[in-house]
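Side chains are part of it too, since the values below use all heavy atoms of this structure and drop only hydrogens, waters and symmetry mates.
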Amino acid sequence: MTQITGSMPDWEKRFRAPRVSLPDWAEDAPQRALFVSNATGTYELYAWDRATGEQRQATDRPNGTTDGVLSPDGEWIWWFSDTDGDEFGVWMRQPFVAAGAGTGGGSGAGSGDEPATPGLEPSYPGGLALGRDGTSVVGRSTDEDGSTLHVVRPGQPPVEIYRHRESAGVGDLSYDGDLLAIEHTEHGDAMHSAVRVLRLDGSVVAELDDTAGGTRELGLEVLGFAPVAGDSRLLVGHQRRGRWEPVVWDPLTGEETDLAIELPGDVNAEWYPDGSGLLVAHSFEARGELWRYDFARRALIQVDTPPGTVSGATARPDGSVEYLWSSAAQPPEVRSTAGGVVLDPPGAAAPASVPVEDAWVAGPGGRVHALVQRPEGEGPFPTVFEIHGGPTWHDSDAFAAGPAAWVDHGFAVVRVNYRGSTGYGRDWTDALKHRVGLIELEDIAAVREWAVTSGLADPAKLVLSGGSWGGYLTLLGLGTQPEAWAVGLAAVPVADYVTAYHDEMEALKAMDRTLLGGTPEEVPERFEASSPITYVDAVRAPVYISAGVNDPRCPIQQVENYVDRLAARGAPHEVYRYDAGHGSLVVEERIKQVRMELDFATRHLA
């Protein structure tokens, strides 16, 4: 990893500064933890013995590794091995204590790696649950087989216990390992899952389905079984009151315990280790906070956290809470309610940035929330509309090195939580149907008009930018709103929706069928209306596109189709292809891409 020096610009320092994720700890060995860090310049998994303080790098691959989990006893590190970011692979495992490692340790990266589920062919991952007796349940997805779930017992061949063409995945195993909760979309709505509990022989114990035969668009999600022996209660997220919140369901008795957590935004939760309460994560208007729900008192008690965003939290056996916190101005830290920073990576900290301001703008579907960062000086400023991916995601008051880089270069940055975004209730998220892409762009247009009329943005220097779904909206916006944008920057985008549909991973095909109401053959007019390539000849702004050649989500061929159309009419554009998947886990590669985007925008706005 390149060392951070005083002469290096702040925007590069933010990318290079060492970061760590919230540590995941083994349920029966809480002193053993696993986290992700970019300390070497590539995001990899690290094992941490909290009793001794020893840390070692567990994985070491050219394109990085972020998907990993500890076995309940803390003896094994499981990690997903794909090829150059293509997300198609198998689970591997290695001992938590590297072979030959004494108290001094050493990196031990990759030491003792072995196939974790021999007999299962490579696939896209569909969830994983690890039992206390060494049994694992592995979810898989392939174009040929659809979704399959397999029970793998030590020394025995895998046994398939579930198969369906629609999307499904592993939720959680009960403490005793005899109940398995899964999420499925057999009803054909990939945005709203049902929950089923099975025995490990595949027999059905109980079903919880809020779709009511497809007449109601209400989703469920598995949040986890109670972490106590003999306790069959399952925590489930639901949308029955117009937002995400938890309910406790016992699949053996059918009893549901409504918690009625009266908070105004989306609510997620996980169990305290003794099962006495829930750690509640509350997201509202792009900020996050934590609460404890006490079952005995049926009461909420707030957990003290600073204003900003809590990106993850976990309750420890001693009752303390550890959480990953940041704000747009302050870089992330893993903190504890017991006091102080839990995991402080070595090296220079990331420089601070500027805080966000909230903008609420009247839009065609209701008030649109936007987050604004301003550079020094007086406006109007050249302005980047940085559009988030997902689409079921939302921008928040959290630290992000990309927007901060634009601010450092004198740009205002506007991030729009358009219809389809999470965090504003079920109706806002579910508004994204059939007129896909066009709905989001209506909200972005309303915020763009506000930005110009308020004096924030220079109307001649507006940049539309985004990655993944944000890259898709960028290309679609350049074609449907050609006079509005001076430059477009699209990373790993959907560019030709029909070709993308046929080439993408199976789970995304199911999502597209839900969003658009069918396949390209069934609803060709909707795919045409929502595809950037339909409007490519109307594009007037210079376009920069970056794409991963191994991307299974926004495959490379559909990008090439769009680029060929630009090239055929001599439209100004540049394309950067890199050897990875849906984005890069290599710090220098990410810096390179941001540098190219900055250079492209400043050249064409000059």
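Figure legend: cation-pi geometry between R50 and W25 absent, as NZ or CZ is not positioned both under 6.0 Å from the six-membered ring centre and within 45° of its axis. Cation-pi contact between R292 and Y272: present, with separation from the ring centre below 6.0 Å and deviation from the ring axis of at most 45°.
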Does the pair L208 and W249 meet the rule for a side chain to side chain contact (heavy atoms under 4.5 Å, CB included), with working shown? CA-CA 9 Å; L208 200 60; W249 174 50; 3.9 Å; yes

Apply side chain to side chain contact (heavy atoms under 4.5 Å, CB included) to F35 and D24, showing your working. CA-CA 6 Å; F35 65 91; D24 178 31; over 6 Å; no

Side chain to side chain donor-acceptor pair (under 3.5 Å) between R19 and Y43, worked out: CA-CA 9 Å; R19 294 191 182 187; Y43 284 90; 4.8 Å; no

Step by step, work out the side chain to side chain donor-acceptor pair (under 3.5 Å) result for D209 and T211. CA-CA 6 Å; D209 186 355; T211 61; 2.5 Å; yes

Would S468 and H582 count as a side chain to side chain donor-acceptor pair (under 3.5 Å) if you check the C-alpha gap in whole Å, the side-chain angles of each, and the deciding distance to 0.1 Å? CA-CA 8 Å; S468 189; H582 198 62; 2.7 Å; yes

Chi angles and distances behind the side chain to side chain contact (heavy atoms under 4.5 Å, CB included) call for D258, V248: CA-CA 7 Å; D258 184 9; V248 176; over 6 Å; no

What verdict does the side chain to side chain donor-acceptor pair (under 3.5 Å) test give for Y124 and D82, after you've listed the backbone C-alpha separation in whole Å, the side-chain angles of each residue and the deciding distance to 0.1 Å? CA-CA 9 Å; Y124 296 112; D82 64 352; over 6 Å; no

Under the criterion side chain to side chain contact (heavy atoms under 4.5 Å, CB included), I'd like the reasoning laid out for Y323 against T305: C-alpha separation, chi angles, the key distance, then a yes or no. CA-CA 9 Å; Y323 58 95; T305 60; 3.7 Å; yes

Evaluate E166 against R513 for salt bridge (Lys or Arg N to Asp or Glu O under 4.0 Å), listing each step before the verdict. CA-CA 11 Å; E166 298 294 343; R513 290 194 296 271; 3.4 Å; yes

Check the pair E183 / R196 against salt bridge (Lys or Arg N to Asp or Glu O under 4.0 Å), numbers first and verdict last. CA-CA 6 Å; E183 298 175 4; R196 180 176 297 157; over 6 Å; no

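No side-chain donor-acceptor contact under 3.5 Å links S71 and W78. A donor and an acceptor atom, one from each side chain of R199 and S203, are nowhere located under 3.5 Å apart. Using a 3.5 Å distance cut-off with no hydrogens or angles, the side chains of S396 and H394 do not pair a donor with an acceptor. Between the side chains of Q302 and H282, no donor N or O sits under 3.5 Å from an acceptor N or O. At a cut-off of 3.5 Å, with distance as the only test, a side-chain donor of W79 or D113 sits close to an acceptor on the other residue. Using modelled atom types and a 3.5 Å distance limit, the side chains of T185 and H192 yield no donor-acceptor pair. Between the side chains of E440 and W469, a donor-acceptor pair is found at a separation under 3.5 Å. Checking E44 against T65 by side-chain atom types alone, a donor-acceptor pair falls below 3.5 Å.
No salt bridge links R233 with E255; every basic N to acidic carboxylate O contact stays at or beyond 4.0 Å. A salt bridge is defined here as a Lys NZ or Arg NE, NH1 or NH2 lying under 4.0 Å from an Asp or Glu carboxylate O, and R240 with E245 fails to meet this definition. A salt bridge links E87 to R553: one of the charged nitrogens lies within less than 4.0 Å of a carboxylate oxygen. Looking at R426 and D266, no side-chain N of the basic residue comes within less than 4.0 Å of a carboxylate O on the acidic one, giving no salt bridge. Contact check on D397 versus R287 returns a salt bridge, with a Lys/Arg side-chain nitrogen under 4.0 Å from an Asp/Glu carboxylate oxygen.
For the residue pair L234 and W271, the shortest heavy atom distance occurs at C-CZ2, 4.5 Å. The two residues P520 and F527 make their nearest non-hydrogen contact at N-CE1, 3.4 Å. The shortest heavy-atom contact between V90 and L120 is CG1-O, 4.0 Å. Taking both residues in full, the closest heavy atoms of L130 and S136 are given as CD2-CB, 3.7 Å, listed atom of the first, atom of the second, then distance. Here the shortest heavy-atom pairing between D430 and M191 reads OD1-CE, 3.9 Å. Closest approach of L22 and G312 over heavy atoms only: CD2-C, 3.5 Å.
For D201, the CG atom counts as densely surrounded, since its 6.0 Å shell holds more than 12 non-hydrogen atoms of other residues, nucleotides or ligands.
A donor-acceptor pair under 3.5 Å is absent between the side-chain atoms of K433 and the main chain of L516, judged by distance alone. Without hydrogens or angle criteria, D503 side chain to A500 main chain gives no donor-acceptor distance under 3.5 Å. The closest donor-acceptor contact from the side chain of S141 to the backbone of G126 lies at 3.5 Å or more, if one exists at all. Looking at N550, its side chain does come within 3.5 Å of a backbone N or O of D84 through a donor-acceptor pair. Put simply, the side chain of S326 gets close to the backbone of F399: a donor and an acceptor are under 3.5 Å apart.
Classified by interplanar angle (parallel below 30°, tilted 30° to 60°, perpendicular above 60°), the ring pair F295/Y293 is perpendicular.
Between L343 and W48, some side-chain heavy-atom pair lies under the 4.5 Å cut-off. At a threshold of 4.5 Å between non-hydrogen side-chain atoms, the residues L200 and L173 count as touching.
Here the two rings, on Y424 and F284, have centers that are 6.0 Å apart or farther. For an aromatic pair to be called close, the ring centres must be under 6.0 Å apart, and Y418 with H388 satisfies this.
No option in R132, R32, R93 other than R32 meets the salt bridge (charged side-chain N to carboxylate O under 4.0 Å, His left out) test with E75.
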